[in-house]
Amino acid sequence: MPMAPNSIIWMSLLSGSKNHKNVKIGEYVAQRVIEVAPGTVGCYVLLSNIYADAGQWDKVSKVREMMRKRGVKKVPGCSAIEHKGMVHEFVVGDKSHYQSEDIYSKLDEMRAKLKDI
């Protein structure tokens, strides 16, 4: 390449290394992302997932600890739906919605049906 790669190029390579389950390249590329853009949350998450896929749980813990020390935080996923004129917002793992018990029960039912397909 005629120019130095930026964080977007490095992140594309990191994603590819996760898809191909290549820990060695993933580690190298993650280091480059951290050098170029140390606050890139996705880098830490992808590296952690690469280690998790490889069963390297000690390294998963180290990545998560590195995130804590550097103040890098992953924003939890969020969804919103409108039902009968009311907007309902859901955050990963949040069970504060007044119908969460019914919602999770229905999700379990749907998962069970999908397993039968």
Side-chain angles (χ1 to χ4, degrees):
M1 277 183 14
M3 77 290 278
N6 61 18
S7 63
I8 295 168
I9 304 256
W10 285 122
M11 285 297 293
S12 297
L13 290 170
L14 185 58
S15 181
S17 66
K18 182 192 180 311
N19 291 340
H20 293 282
K21 301 182 185 311
N22 192 319
V23 175
K24 187 175 180 179
I25 291 175
E27 289 174 326
Y28 175 82
V29 172
Q31 228 11 76
R32 304 296 79 77
V33 176
I34 291 168
E35 288 171 6
V36 175
T40 305
V41 177
C43 171
Y44 299 94
V45 172
L46 273 172
L47 182 59
S48 177
N49 290 342
I50 289 169
Y51 287 142
D53 288 346
Q56 297 180 15
W57 299 106
D58 56 324
K59 291 185 178 181
V60 170
S61 296
K62 287 179 182 176
V63 172
R64 297 297 176 164
E65 180 61 26
M66 187 187 321
M67 288 175 72
R68 276 191 291 281
K69 285 181 179 176
R70 295 178 180 194
V72 178
K73 295 182 180 180
K74 182 182 179 303
V75 178
C78 178
S79 297
I81 62 167
E82 182 180 344
H83 179 67
K84 295 184 180 179
M86 187 173 174
V87 176
H88 300 269
E89 192 171 83
F90 302 92
V91 177
V92 173
D94 180 19
K95 296 196 179 184
S96 64
H97 190 275
Y98 71 98
Q99 289 182 303
S100 66
E101 192 173 310
D102 293 336
I103 292 166
Y104 282 100
S105 175
K106 184 53 96 174
L107 283 172
D108 290 340
E109 181 184 321
M110 291 166 56
R111 283 187 193 112
K113 286 183 181 181
L114 284 174
K115 285 181 184 179
D116 294 339
I117 295 176

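Just so it is clear, the structure is predicted and the values come from calculations on it, not from any experiment.
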Inset, instruction - State whether the side chain of Ser12 and the backbone N or O of Ile8 hold a donor-acceptor pair below 3.5 Å, judged by distance alone. - result: yes
Legend entry - Rounded distance (nearest 0.5 Å) linking atom NZ of Lys21 with atom CG of Asn49: 10.5 Å
Legend entry - Atom of Lys73, atom of Val41 and distance for their closest heavy-atom approach: O-CG2, 3.5 Å
Legend entry - Glu65/Lys62 ion pair, N-O < 4.0 Å: no
Inset, instruction - Nearest 0.5 Å please: distance from the NZ atom of Lys18 over to the CG atom of Leu46. - result: 7.0 Å
Legend entry - Trp57-Met67 co-clustered via ILVMFWY side chain contacts under 4.5 Å: yes
Inset, instruction - Using a strict 4.0 Å threshold on nitrogen-to-oxygen distance, state whether Arg111 and Asp108 make a salt bridge. - result: yes
Inset, instruction - Mark yes or no for whether Ser17, through its side chain, and Leu14, through its backbone, hold a donor-acceptor pair below 3.5 Å. - result: yes
Legend entry - Set of side-chain contact (heavy atoms from CB on, under 4.5 Å) partners for Lys59, sequence neighbours left out: Glu27, Tyr51, Gln56
Legend entry - Exam field: side chain Tyr44 to backbone Gly39, donor-acceptor pair closer than 3.5 Å: no
Legend entry - Non-hydrogen atoms of Ala52 and Val60 that approach each other most closely: N-CG2, 3.4 Å
Legend entry - Minimal non-hydrogen separation, Val63 against Ser48, with atom names: CG1-CB, 4.0 Å
Legend entry - CH2-CZ distance between Trp10 and Arg32, expressed to the nearest 0.5 angstrom: 6.5 Å
Legend entry - Straight-line distance of Leu47 CG to Arg64 CZ, nearest 0.5 Å: 10.0 Å
Legend entry - Test side-chain contact (heavy atoms from CB on, under 4.5 Å) applied to Ile25 and His20, step by step: CA-CA 10 Å; Ile25 291 175; His20 293 282; over 6 Å; no
Inset, instruction - Tell me whether Val87 is reachable from Ile103 by hopping between hydrophobic residues (I, L, V, M, F, W, Y) whose side-chain heavy atoms are closer than 4.5 Å. - result: no
Inset, instruction - Please name the pair of heavy atoms, one in Lys95 and one in Ser100, separated by the smallest distance, quoted to 0.1 Å. - result: O-OG, 3.0 Å
Inset, instruction - Could you pull out all residues at least two apart from Glu101 that satisfy side-chain contact (heavy atoms from CB on, under 4.5 Å)? - result: none
Legend entry - Minimum heavy-atom distance Ile50-Gly26, with the two atoms named: CD1-CA, 4.1 Å
Inset, instruction - Output the distance between atom CD (Glu109) and atom NZ (Lys113), rounded to the nearest 0.5 Å. - result: 4.5 Å
Legend entry - Set of ring-ring contact (aromatic ring centres under 6.0 Å, His included) partners for His97, sequence neighbours left out: His88, Phe90
Inset, instruction - With rounding to the nearest 0.5 Å, note down the distance linking OG in Ser7 to CD1 in Ile34. - result: 12.0 Å
